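Just below is one structure, and these are the notes that go with it.
Owing to the predicted nature of the structure, the values given are computational and were not obtained by experimental measurement.
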Amino acid sequence: INFNLCILRLSDIYVGMKNTQKAWLFYVASAPQFGGGHVMRSLELAKTMQANGKDIDFLLDQHAAHWFPVLSEHGFEYFDDVNSVTGEYEGLWLDHYHPDYMFLNRCSYPVAGLIDTVKKSGFPKHSIAYSAHVGANVSGFEYALLNPEFAKIERSPSPVLSRITLCFGQKDSKGATTKILSILESTEVPLKLNVVCGAQNEAYTAIKEYVDRTRHDAQFYHAPSNLI
């Protein structure tokens, strides 16, 4: 993936929609139960739009105070209550599966977002807001929102399996890490593993204990700062 191409193409779409001084509002799933992927990928788009001269405000969920320092570090204003949002925006970026529908229906500005997110959000397609204000949806491999740190990594196929990295985001609500580790434990071939747990993974203690006792060469990482 050419990160610069991807993110600049996205910013061309949204920065170029109108030549106004209005800010964009990013409505992002940010409560602990949603993990961190929504905020982290939206943050990459927001930083690029910011670099192109756009002001960005974030609308977060309640109980999302752990994101305040992250947004402040990049110079973004934020709300954690839909009723606190006032004024007009040039547009709204939606990355939320369970948004406040009453808030969306009273938005008078275009709504854009990842198409999968908009579909899963249950956005009322019959509503006036949907038919009138959904301006664009971006999907497909070429529009991946990646942290530049990961996008720069060169990936080349190799017949030799050197190390396996297990990472299922901030929360891993399905317990996939534990399930896969159980499968790998029955493997006769010695493996090298990187096991990564997000800050909101409630099973991280048990996973750490597995890493400590497994016969595989396993390294454990908990809550790395660059985890999406």
Q: Taking the side chain as every heavy atom from C-beta outward, state whether His38 and Ser30 have any atom pair closer than 4.5 Å.
A: no

Q) Mind checking whether Trp67 and Val28 sit in one hydrophobic cluster, side chains of I, L, V, M, F, W, Y counted as touching below 4.5 Å? A) yes

Q.
Starting from Leu94, can I reach Val85 by hopping between I/L/V/M/F/W/Y residues whose side chains sit under 4.5 Å apart?
A. yes

(Q) For Asp217, is there an ion pair with Arg163 - N to carboxylate O distance below 4.0 angstrom? (A) yes

Q: Sequence neighbours left out, what passes side chain to side chain contact (heavy atoms under 4.5 Å, CB included) with Asp212? Give chain and number order.
A: Lys208

(Q) Testing the basics here: between His74 and Gln50, what is the closest heavy-atom pair and its distance to 0.1 Å? (A) O-NE2, 3.0 Å

Q: Using side chain to side chain contact (heavy atoms under 4.5 Å, CB included) as the criterion, list what pairs up with Ser186, not counting sequence neighbours.
A: none

Q. Tell me the side chain to side chain donor-acceptor pair (under 3.5 Å) pairs involving residues 173-184, sequence neighbours left out?
A. Asp172-Thr177

Q: Could you pull out the closest heavy-atom pair between Tyr89 and Leu25, with the gap in Å?
A: CD2-N, 3.7 Å

Q. What's the shortest heavy-atom distance between Gln62 and Ala31, and which atoms?
A. O-CB, 4.1 Å

**Q.** Pair listing, ring-ring contact (aromatic ring centres under 6.0 Å, His included) test, anchored in residues 182-209, at least two apart
**A.** Tyr204-His222

Q | Nearest atoms (heavy-atom pairs only) where His96 meets Asp61 | A | NE2-OD1, 2.7 Å

(Q) Taking side chain to side chain contact (heavy atoms under 4.5 Å, CB included) as the definition, give me every residue that meets it alongside Glu209, ordered by chain and number, with sequence neighbours left out. (A) Thr205, Arg213

Q) Who are the side-chain hydrogen bond (donor to acceptor under 3.5 Å, both in side chains) partners of Asp80, not counting sequence neighbours? A) none

(Q) Give me each pair satisfying ring-ring contact (aromatic ring centres under 6.0 Å, His included) with a member in residues 43-65, each pair once, sequence neighbours excluded. (A) Phe26-Phe58, Phe58-Phe76

Q) Excluding sequence neighbours, so at least two apart, what forms side-chain hydrogen bond (donor to acceptor under 3.5 Å, both in side chains) with Asp100? A) none

Q: Just jot down the side chain to side chain contact (heavy atoms under 4.5 Å, CB included) partners of Thr214, sequence neighbours excluded, or say none.
A: Glu185, Tyr210, His216, Ala218

**Q.** More than 12 heavy atoms from other groups under 6.0 Å of CD on Glu77
**A.** no

Q) Got a sec, which residues hit ring pair (Phe, Tyr, Trp, His ring centres under 6.0 Å) with Phe103, two or more places apart in sequence or on another chain? A) Tyr27

Q) Quick one: do Lys47 and Glu44 make a salt bridge, cutoff under 4.0 Å? A) yes

Q. In chain order, what residues pass the ring pair (Phe, Tyr, Trp, His ring centres under 6.0 Å) check against Tyr221, with sequence neighbours excluded?
A. none

Q: Please report the shortest heavy-atom distance between Tyr78 and Ser72, naming the atom on each side.
A: CE2-OG, 3.4 Å

Q) Got more than 12 heavy atoms from elsewhere within 6.0 Å of CD, Glu88? A) yes

Q: Taking all non-hydrogen atoms of both residues into account, name the closest pair between Val39 and Ala29 and its distance.
A: CG2-O, 3.7 Å

